[in-house]
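Since the structure comes first, as structure tokens, the remarks are kept for the end.
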Amino acid sequence: MSDLKIELKNTNIEDKEIMAYKDQVAKIHKELYLNADDEEEFLGWLKLPTDYDKEEFARIKKVAEKVKNDSDVLVVIGIGGSYLGARVVIEAMNSPFVNSIPDDKARNPKIVFVGNNLNPDYINDVINFIGDRDLSINVISKSGTTTEPAIAFRIFREFLENKYGLAEARSRIYVTTDKEKGALKKLSETEGYETFVIPDNVGGRYSVLTAVGLLPIAVAGINIDKLMLGALYAQNKYADDNLKYNDCYKYAVARNILYTRKKNIELLVDYDPRLHYFIEWWKQLYGESEGKNLKGIFPAGVEFTTDLHSMGQYIQEGKRTLFETVLNIEKSRTDIIIKNDEDNLDGLNYLVGKTLDYVNKKAMEATIEAHVDGDVPNILISMEKLDEENLGQLIYFFELACAMSGKILGVNPFNQPGVEAYKKNMFRLLGKPGYENK
Ligand code: PA5
């Protein structure tokens, strides 16, 4: 596995400005590690690549094999941190058309995600997609009370019970939730569902390397050992409290410096549609961790070259509050050589012999140059290729950088008090007992 490469040369930040944060970074680093085992601090993710529950990890693999044998579809029910992590890895490692492969040719069950919205058409579309296929359910909710997954679970549990009868339905439901609290835990005990634990000290958006992410990822046929190995590599690599040698912390510092320069929107950019959900996961991680106390960089995302044809104008010439962080996969998984066309009516013969990945890279270089010229600072994060190990590494990199960045900003990167406000209004409008008054 090779290191992620972090380039700050297009940020217009000098080394000495970064190094001015050296002491603060070292202090935060020590605090993070000192409190890593404290249940109250939500820092369990910090040492997960070494301290994960090995017995449960083995059980995840076993259950994944069972689901592969008895199901064409795994319905994964969850939202936010109980959803995006699994989707990141599954989408990054698969073809976007994996769910269109006929069942008799598919190597793994199709994974469908529900409980991440309240739209009835979406749920009905999923039910139609399942048709008479065999299925299992993995419902994931730390609190066990979140409205969207709770409603979806009620619907799909009934679907499963009608299809298989109570006993078999029970054997096809896997619950990932708190080890002792919550409605889902109670329901699992009553019904006898197999359960997996979301550790107390791991918040939703930091939970991809627990059963939350690992069970669906393993069912999708993706190597979770390699994913953990990648994260472990990053855990070791970024354990240095010396900012000079820690690129992860340099990224955290650089974005805080840009923020002090009124660059308060960060665009995470990819040039590979398989990273679409990586951006969604990253947006939650940074938005929920830093957007509080009237502070925080707004995390947004664009996919290039697609969005150059929709958002490119704004990025180039709109309000100068943006900076970009580009995810660069150095080598695409496959490639296509552009062939000669005698007539050359499309004028593309100047590209003969070049590959599509080469053209994509030149588009990236050209865009970085144009945006930097247009006063959009650029951070470049490169990885050799998109595989399990590099994904594990990248996930851990962004989690640790997020914790450091939030602490530098002066917020608690592990809570999310603001997400309750709309829920209270919604419960009042829906007539939930106990929520009658504003
Ligand atoms: O990061 C978080 O804490 C949130 O996004 C939660 O994961 C999300 O709200 C789902 O919560 P729960 O797992 O309790 O259903």
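Both counts, for ligands and for their atoms, begin at 1 and track the order of listing. As a basis for the values below, the full set of heavy atoms in this structure was taken, side chains included, without hydrogen atoms, waters or symmetry mates. Heads up: numbering here begins at 1 and tracks the sequence.
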Identity and distance of the protein heavy atom lying nearest atom 12 (P) of ligand 1: Thr146 OG1, 3.3 Å
Numbered atoms of ligand 1 (with element) below 4.0 Å of Ser143, judged on heavy atoms: 12 (P), 14 (O), 15 (O)
Contacting atoms of ligand 1, where contact means under 4.0 angstrom from a heavy atom of Gln416: 3 (O)
Which of the ligand 1 atoms, numbered from 1, are nearer than 4.0 Å to a heavy atom of Ile79: 7 (O), 8 (C), 10 (C)
Pair Tyr164, Asp134: side-chain N/O donor-acceptor within cut-off below 3.5 Å: yes
Interatomic spacing from OG1 in Thr176 to CD in Glu194 - rounded to 0.5 Å: 9.5 Å
4.0 Å protein heavy-atom contact status of atom 9 (O) of ligand 1, strictly under: no
CA sep, side-chain torsions, deciding dist, call: Phe414, Tyr206, ring pair (Phe, Tyr, Trp, His ring centres under 6.0 Å): CA-CA 9 Å; Phe414 308 120; Tyr206 294 85; 5.5 Å; yes
Closest protein heavy atom to atom 6 (C) of ligand 1, given as residue, atom name and distance to 0.1 Å: Gly81 N, 3.9 Å
Evaluation steps, side chain to side chain contact (heavy atoms under 4.5 Å, CB included), between Tyr286 and Phe298: CA-CA 8 Å; Tyr286 281 75; Phe298 183 81; over 6 Å; no
Heavy-atom nearest neighbour in the protein, as seen from atom 1 (O) of ligand 1, with distance rounded to 0.1 Å: Glu288 OE1, 2.8 Å
Atoms of ligand 1 close to Gly80 [distance to a heavy atom under 4.0 angstrom, numbered from 1]: 5 (O)
Salt bridge present between Glu191 and Arg170 (N-O < 4.0 angstrom): yes
Proximity of Tyr238 and Tyr396 rings by center, below 6.0 Å: no
Tyr174 and Lys66 side chains, donor-acceptor separation under 3.5 Å: yes
Closest approach of any protein heavy atom to atom 5 (O) of ligand 1, naming residue and atom: Gln284 NE2, 2.5 Å
